[in-house]
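Labels below follow one simple rule: chain letters A, B, ... track the order of the sequence lines, proteins then strands, and each chain is numbered from 1. These figures come from a predicted structure and were not determined experimentally.
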Amino acid sequence: MADDKKLPTRAEDFSAWYNELVLRAQLADYSPVKGSMVIRPNGYGIWERMQRALDDMFKATGHENAYFPLFIPESFLKKEASHVEGFAPEVAVVTHGGGKKLEEPLIVRPTSETIIYHMFAKWTQSYRDLPILINQWANVVRWEMRTRLFLRTLEFLWQEGHTAHATHDEAEEEARRMLGVYREFMEGWIAMPVITGQKTESEKFAGALRTYSCEAMMQDNKALQAGTSHNLGQNFAKAFELQFQAESGEMAYAWNTSWGVSTRMVGGMVMTHSDDNGLVTPPKLAPIEVVIVPIWKSDEERSRVVEAAHKVKTDLTAWTGRGATDRLRVRVDDREGVKPGAKYYEWEMRGVPLRLEIGPKDLEKGSVFSARRDVKAKAALPLEELPESVARLLETIQQDMFAAAKARREANTHRNVTSYAQFKEIMEGPGGFVYAGWNGDAASEAKVKEETKATIRVIPDEEFRSPEAPTTCLVTGEPATHEVVWAKAY
RNA sequence: CGGGGCGUAGCUUAGCCCGGUAGAGCGCCUGCUUCGGGAGCAGGAGGUCGGAGGUUCGAAUCCUCUCGCCCCGACCA
């Protein structure tokens, strides 16, 4: 009986834990259409905070928002050979409109490269029109066979940046810059450490020259690709005749990049930080940072304590120490008929980072009682300078969550793995990230995937590489051309 | 699309084998007492048993068809 109030635990069934948590924390709910979901206010509030932070970062790096339509002529998808090959199986096609069969079917965008570069071509004549730095916030549709809340659904929300440049190097710089922006966001806001690097040929985006990605480790030791940035080269420019006249007078094809992150990050946040009691949200993304629970026995106490609770909320939200527009996000739970303990469990399930309890004893002492969501730590905070101490505590929580996630990743990262037998043991057992040598051959990559389900997540950027580069390929024993990170992935 | 499982109240489900007209827990509503880690008592609302057809005096239960969902595998941010 008490058991149906508890979540399945991560240890006994990670996947059941995740699904149940997403529903119970009211992040999302299943919609009547198989494979799609409703994002509820609790979940959407987190997404909105993600959007705002990222959007500011995109603007700061010179991008502007625009909006391109949902429907794309089917013929557009076919113009770039590897792109159509990559996406055709998962595209939803509209064949009828207004009660009539359409002359040309429309596809529902799985991504917008084709329509965007078609438009860019229309807008570009000279090198003076470049670069074009555009972002759009949109929904996209990919008809997946197997779906999971936030991680893979038929429709999802994302942003896709699309840029056009005069030179390869400029495009390359842009692709790398945005990868850096993603990393900064994931680590600074989601408190989710990531490894950055380049994707192998077999894992790169259909139509790209090179794909870079941010890879995070979830609590089941599986990798989550949390964001990607592509140098598209001139593939789309050629397919859509995106040309410009260079300073020299000659015509040249533009160089493009595209980069995106999605509501999948909400799933990443859940699987990085949450525990068996429910959601744990990093303060910076929490729609509610502080919940105040008043505690009383008699009616007389109730009126005093509830009044004090609202006064504390007012003091906290009026404080401008984080800037006039970044106020503390506070909620008072003064519902009657629900006992304090029940409220604690409820707000813990919903992931509120900090709880303040205010009862008669606290009022006497001139303090409130605080409880952190991320760790079991409780302490009295003096009412004097409460906003400052609350803000400090939230900042500490944010940092501690990042540190804990990073420590967990490191503890489950294996380096100096040279024997394939040892590798198999790791993948069949605890899993995690394995740094190892690779001969650069897609065949050895495919063999490992076939035999262990693990794939090369990324060819890591320099700062993540081992002090001594592996010299032999994990699979074949041949000389290694790269050090790569292997893991099972979502 | 293959293999496995399941549809009974908002949720979890009992009943089905052996037909007799639906019961529980949680949640919800009202009232009183409670309230520093998931409250108690009393009263109450809520179900064409996924849908269609058949067998039968009678179907949640037996038969046929159908729809949907979940899990496992083949595709993927």
Worksheet item: Watson-Crick or G-U wobble partner for B/G36, using a 3.5 Å limit on both distances?
Response: none
Item to complete: Measure from CD on A/E90 to P on B/C75 and round the result to the nearest Å.
Response: 12 Å
Worksheet item: Taking C-beta and beyond as the side chain, do A/Y435 and A/P460 meet within less than 4.5 Å on heavy atoms?
Response: yes
Practice prompt. Tell me, please, whether A/F433 has A/R457 positioned over its six-membered ring: NZ or CZ under 6.0 Å from the ring centre and within 45 degrees of its axis?
Written response: no
Discussion item. Less than 4.0 angstrom from a charged side-chain N to a carboxylate O is my criterion; do A/K59 and A/D55 meet it?
Written reply: yes
Discussion item. Can you give me the closest heavy-atom contact between A/V305 and A/G359, atom names plus distance?
Written reply: CG2-C, 3.9 Å
Practice prompt. Grab the CD-P distance between A/E144 and B/A77 for me, whole Å please.
Written response: 8 Å
Fill in: A/E348/A/R373 salt bridge by N-O under 4.0 Å criterion
no
Worksheet item: Of all the choices, B/G38, B/A77, B/C35, which nucleotide is nearest to the side chain of A/F156 once you look at every atom?
Response: B/A77
Practice prompt. Ignoring the backbone of A/K339, work out which of B/C35, B/G38, B/A77 is nearest its side chain.
Written response: B/C35
Discussion item. Just to be sure I understand the rule, does A/E348 reach a base, reach only the sugar-phosphate, or reach nothing, if contact means heavy atoms closer than 4.0 Å?
Written reply: base
Discussion item. Heavy atoms only, 4.0 Å cut-off, all strands: where does A/Y490 land among base, sugar-phosphate and nothing?
Written reply: nothing
Discussion item. Can you work out whether A/W143 or A/A342 has the more 5'-proximal nearest nucleotide on RNA chain B?
Written reply: A/A342
Worksheet item: Does B/U21 have a Watson-Crick or wobble partner in any strand here, with both distances under 3.5 angstrom, and which is it?
Response: none
Practice prompt. Quote, to the nearest angstrom, the C1' distance that separates B/A22 from B/G58.
Written response: 16 Å
Discussion item. Can a side-chain donor-acceptor contact be found between A/Y212 and A/E172 if the only test is distance below 3.5 angstrom?
Written reply: yes
Practice prompt. Identify, residue by residue, the members of residues 295-306 of chain A with a heavy atom below 4.0 Å from RNA chain B, and return them in order of residue number, or none.
Written response: A/I295, A/W296, A/K297
Practice prompt. Determine the interatomic distance between C1' on B/U48 and the same-named atom on B/U21; round to the nearest Å.
Written response: 13 Å
Response to the item:
Under a 3.5 Å limit on both distances, the Watson-Crick or wobble mate of B/U61 is none
Worksheet item: Between B/C11 atom P and A/Y30 atom OH, what is the distance in whole Å?
Response: 14 Å
Worksheet entry | Phosphate-side-chain proximity, A/K453 and B/G73, N/O vs OP1/OP2 below 4.0 Å | yes
Practice prompt. Describe the nucleic acid contact of A/F205 in one word from base, sugar-phosphate, nothing, applying a heavy-atom distance below 4.0 Å.
Written response: nothing
Worksheet item: What nucleic acid atoms does A/L151 come within less than 4.0 Å of, heavy atoms only: base, sugar-phosphate, or nothing?
Response: base
Discussion item. If I pick the P atom on B/C57 and the same atom on B/G46, what distance separates them, to the nearest angstrom?
Written reply: 34 Å
Discussion item. Using atom P in both nucleotides, what's the gap between B/G51 and B/A9 to the nearest angstrom?
Written reply: 10 Å
Practice prompt. Assign the ring pair A/W259 / A/H63 to parallel, tilted or perpendicular, where the plane angle (0 to 90°) is split at 30° and 60°.
Written response: perpendicular
Fill in: Nucleotide opposite B/C16 in a Watson-Crick or G-U pair, distances under 3.5 Å
none
Worksheet item: So what does A/R335 hit on the nucleic acid, given a heavy-atom distance under 4.0 Å: a base, only sugar-phosphate, or nothing?
Response: nothing
Worksheet item: Base, sugar-phosphate alone, or nothing: which one does A/T153 contact when heavy atoms must sit under 4.0 Å apart?
Response: base
Worksheet item: Can you tell me how far P in B/A77 sits from the matching atom in B/C65, rounded to whole Å?
Response: 41 Å
Discussion item. Is it true that A/S112 and A/E160 share a donor-acceptor pair across their side chains at a distance under 3.5 Å?
Written reply: yes
Discussion item. Roughly how many Å apart are B/C18 and B/C62, using the P atom of each and rounding to a whole number?
Written reply: 9 Å
Fill in: Axial cation check for A/F87 ring with A/R142, 6.0 Å and 45° limits
no
Discussion item. Tell me the interatomic distance from A/R24, atom CZ, to B/G27, atom C1', rounded to whole angstroms.
Written reply: 12 Å
Worksheet item: When rounded to the nearest Å, what value does the distance between P atoms of B/G15 and B/C67 take?
Response: 29 Å
Discussion item. I want to verify a distance call: between B/C75, B/G37, B/G36, whose nearest atom is closest to the A/K378 side chain?
Written reply: B/G37
Worksheet, complete the sentence: When rounded to whole Å, the CZ to P distance for the pair A/R372 and B/G37 reads 21 Å
Discussion item. From CH2 of A/W347 over to P of B/G37, roughly how many Å is that when rounded to an integer?
Written reply: 19 Å
Worksheet item: Between B/G47 and B/C70, how far is it from one C1' atom to the other, in whole Å?
Response: 23 Å
Discussion item. With a 4.0 Å limit, can you tell me whether A/K343 has a side-chain N or O closer than that to the phosphate oxygens OP1/OP2 of B/C35?
Written reply: no
Item to complete: Look at all strands and tell whether A/E357 reaches a base, only sugar-phosphate, or nothing, counting heavy atoms closer than 4.0 Å.
Response: base
Fill in: Residue A/P340, side-chain heavy atoms: nucleotide from B/C75, B/C35, B/G37 that is nearest
B/C35
Worksheet item: Paired with B/U30: which nucleotide, if any, by Watson-Crick or G-U wobble criteria at under 3.5 Å for both distances?
Response: B/A42
Fill in: Atom pair distance, as rounded to whole Å: CG in A/D334 and C1' in B/C35
14 Å
Worksheet entry | d(CG, A/L23; P, B/C70) in whole Å | 11 Å
Worksheet item: Are A/R183 and A/E187 close enough for a salt bridge, meaning some N to O gap below 4.0 Å?
Response: yes
Worksheet item: Do we count A/Y345 as stacking onto B/G38 if the rule is ring centres under 5.5 Å and planes under 30°?
Response: yes
Fill in: Opposite nucleotide pairing with B/G2, Watson-Crick or G-U, both atom distances under 3.5 Å
B/C72
